[in-house]
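What you see is a predicted model, and the numbers here were worked out from it, not measured in a lab. A note on names: the letters A, B, ... follow the listed sequences, proteins ahead of strands, and every chain is numbered from 1. These values consider heavy atoms only, across backbone and side chains, with no hydrogens, waters or symmetry-generated copies.
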There are 2 protein chains.
Amino acid sequence: MTDSKLKTPEQTKIAGLSDEKLFEIMELFFFAYRDFTSDPDEILMNYSFGRAHHRVLHFVSRNPGLRISQLLDILKITKQSLGRVLRQLIEEGFIVQKEGETDRRQRLLFLTDSGSELARRLAEPQLRRIAAALKYKGTGDAAFAREFLYSLVDQQEHAKVKAIVRK
Amino acid sequence: MTDSKLKTPEQTKIAGLSDEKLFEIMELFFFAYRDFTSDPDEILMNYSFGRAHHRVLHFVSRNPGLRISQLLDILKITKQSLGRVLRQLIEEGFIVQKEGETDRRQRLLFLTDSGSELARRLAEPQLRRIAAALKYKGTGDAAFAREFLYSLVDQQEHAKVKAIVRK
DNA sequence: AAAATATGTCAACAATACTGACTTATTTTC
DNA sequence: GAAAATAAGTCAGTATTGTTGACATATTTT
């Protein structure tokens, strides 16, 4: 009943890797994400914020002066979805908007001091978790992790993601 | 304004890794998850299912005879949240429940044929993506990816996760 | 027999996403 | 300079997935 076209007496292989190994990594990706997000989630509860607020704070923190349209493209959500969380972050003094200098239609996003502080607090446990995960490995392993994750991103997004990630 | 206690003229390091490298990996984790989930999401739309249904299908597929309580512990959601999606999956013929043989209070979960087929279809693009991400690397890199992701999981969950992931 | 366990269910609520429609201000194009 | 395109904001309605709290049923353990 659980058999499928994927199975053979031995094991199907994609790109020389057994299904079994691939499944393990797939599942670990789920568990890693589940726990990776749990620390910031707890902090966010104190502010009645959620993950959506975290994402906005993070990307504005890393890219001061980010435009709304860029943020939408990073998050892959609609303007209306972003609108709500952004309004809250602005109303509660974590983010400010400035008119674009060359294009006055733009509303460039910046963190306030308390926004910066919250972004830092949210990042800290995640940075620690990543550092701990790489601690046992030799040099070059950070590079491997980076390349591995990068390869999971859509091909057509590579250039954009690289531009955002690399500083 | 964007300065914080984390910064020094050079760069703060956690466990010998620069903040910058850690930030990159943190962000890539977000982008990887964003795109990793996008392929199954499209398939699920045809069934009016969401990610919650996918998770249930996946873990039942990998663990036939899974108990409700185990699934709740894997997903870290409430009984009520699971209840809704599980009911739909049962009503629409993707999952069946069988009474536990040793403990008749238990409702063991199994996939039907169409459940198996859907689970396979959902897994396929993700397996391919993982395989492609590891294709360029030498032997042992699958092991590295596995250890890296595993290290991101909560310490106290390690034993349980290992039991679920390793077959 | 009483207590604990495994599961199911009702109701209300919250966060985050969506579609569709429309507005305002500004810049670009013809 | 008028028309079209772009950047952003907003209103209204809906769906998914999560939450709490309360309570019911069947079964097993103490």
Residues forming a side-chain hydrogen bond (donor to acceptor under 3.5 Å, both in side chains) with A:Thr37, sequence neighbours excluded = A:Arg51

message = Output the rounded distance in Å from CD1 (A:Ile95) to P (D:dG9).
response = 12 Å

ask   = Just how far, in rounded Å, is P of D:dT25 from CZ of B:Arg104?
value = 17 Å

ask   = To the nearest Å, how far apart are B:Leu109 CG and C:dG8 C1'?
value = 13 Å

List every contact pair, protein side and nucleotides 2-6 of chain D side both N or O, where the distance is under 3.5 Å.
| unit_1 | atom_1 | unit_2 | atom_2 | d |
| --- | --- | --- | --- | --- |
| D:dT6 | O2 | A:Arg105 | NH1 | 2.5 |

Integer-rounded Å distance: D:dG9 C1' and A:Ile90 CD1 = 11 Å

remark   = In short, the helix from C:dA1-D:dT30 to C:dC30-D:dG1 is bent end to end, axes from five pairs each side, to 10°, by 30°

Result block: side-chain N/O donor-acceptor pairs under 3.5 angstrom for residues 88-97 of chain B, not counting sequence neighbours:
| unit_1 | atom_1 | unit_2 | atom_2 | d |
| --- | --- | --- | --- | --- |
| B:Gln88 | OE1 | B:His53 | NE2 | 3.0 |

query = Can you list the residues that meet the side-chain hydrogen bond (donor to acceptor under 3.5 Å, both in side chains) rule with A:Arg121, with sequence neighbours excluded?
reply = A:Tyr47

query = More 5' along DNA chain C: B:Gly83 or A:Leu82, using each one's nearest nucleotide?
reply = B:Gly83

Check residues 24-36 of chain B and write down every donor-acceptor pair under 3.5 Å in which the side-chain atom is one partner and the other belongs to a residue at least two apart or another chain.
| unit_1 | atom_1 | unit_2 | atom_2 | d |
| --- | --- | --- | --- | --- |
| B:Glu24 | OE1 | A:Arg146 | NH1 | 2.9 |
| B:Glu27 | OE2 | A:His58 | NE2 | 2.8 |
| B:Glu27 | OE2 | A:Arg62 | NE | 3.1 |
| B:Arg34 | NH1 | A:Ile74 | O | 2.7 |
| B:Arg34 | NH2 | A:Glu157 | OE1 | 3.4 |
| B:Asp35 | OD2 | A:Asp154 | N | 2.8 |

inquiry  = Please check this pair: side chain of A:His54 against backbone of A:Asp41, looking for a donor-acceptor N/O pair closer than 3.5 Å.
reply    = no

ask   = For the base of D:dA26, is there a side-chain donor-acceptor partner from B:Arg107 under 3.5 Å away?
value = no

inquiry  = Just so I know, are the side chains of B:Phe59 and B:Leu75 near enough to count as touching, which here means a heavy-atom distance under 4.5 Å?
reply    = yes

query = Looking at DNA chain C, which of residues 35-54 of chain A put a heavy atom within less than 4.0 Å of it?
reply = A:Gly50, A:Arg51, A:Ala52, A:His53

request  = Quickly work out the A:Gln88 CD to D:dT10 P distance and round it to whole Å.
outcome  = 13 Å

ask   = Do the non-hydrogen side-chain atoms of B:Gln155 and B:His158 ever get within less than 4.5 Å of each other?
value = yes

task = Quickly work out the B:Gln106 CD to D:dT27 P distance and round it to whole Å.
result = 13 Å

inquiry  = Going by the rule side-chain hydrogen bond (donor to acceptor under 3.5 Å, both in side chains), which residues pair with A:Ser114 if we only count those two or more places apart in sequence or in a different chain?
reply    = A:Thr112

key: Any donor-acceptor N/O pair under 3.5 Å between D:dG18 base and B:Arg84 side chain   = yes

ask   = In whole Å, what is the span from the CG atom of A:Leu86 to the C1' atom of D:dA7?
value = 14 Å

inquiry  = For DNA chain C, which residues of residues 65-81 of chain B approach it to below 4.0 angstrom with any heavy atom?
reply    = B:Arg67, B:Ile68, B:Ser69, B:Lys79, B:Gln80

request  = Taking all non-hydrogen atoms of both residues into account, name the closest pair between B:Pro125 and B:Asp39 and its distance.
outcome  = CB-CB, 3.6 Å

inquiry  = If I take atom CZ in residue B:Arg87 and atom P in nucleotide D:dT17, what distance separates them, rounded to the nearest angstrom?
reply    = 13 Å

Chi angles and distances behind the ring-ring contact (aromatic ring centres under 6.0 Å, His included) call for A:Phe148, B:Phe148 = CA-CA 10 Å; A:Phe148 170 67; B:Phe148 170 67; 7.4 Å; no

task = By nearest nucleotide on DNA chain C, pick out whichever of A:Thr102 and A:Arg55 is the more 5' one.
result = A:Arg55

key: Criterion side-chain contact (heavy atoms from CB on, under 4.5 Å) on B:Asn63 and B:Leu109, from CA distance to verdict   = CA-CA 9 Å; B:Asn63 307 275; B:Leu109 302 172; over 6 Å; no

key: For B:Glu99, all residues meeting salt bridge (charged side-chain N to carboxylate O under 4.0 Å, His left out), sequence neighbours excluded   = B:Arg104

Partners meeting side chain to side chain contact (heavy atoms under 4.5 Å, CB included) with B:Ser69 (sequence neighbours left out) = B:Arg67

query = For B:Arg105, what residues pass the side-chain hydrogen bond (donor to acceptor under 3.5 Å, both in side chains) criterion, not counting sequence neighbours?
reply = B:Asp103

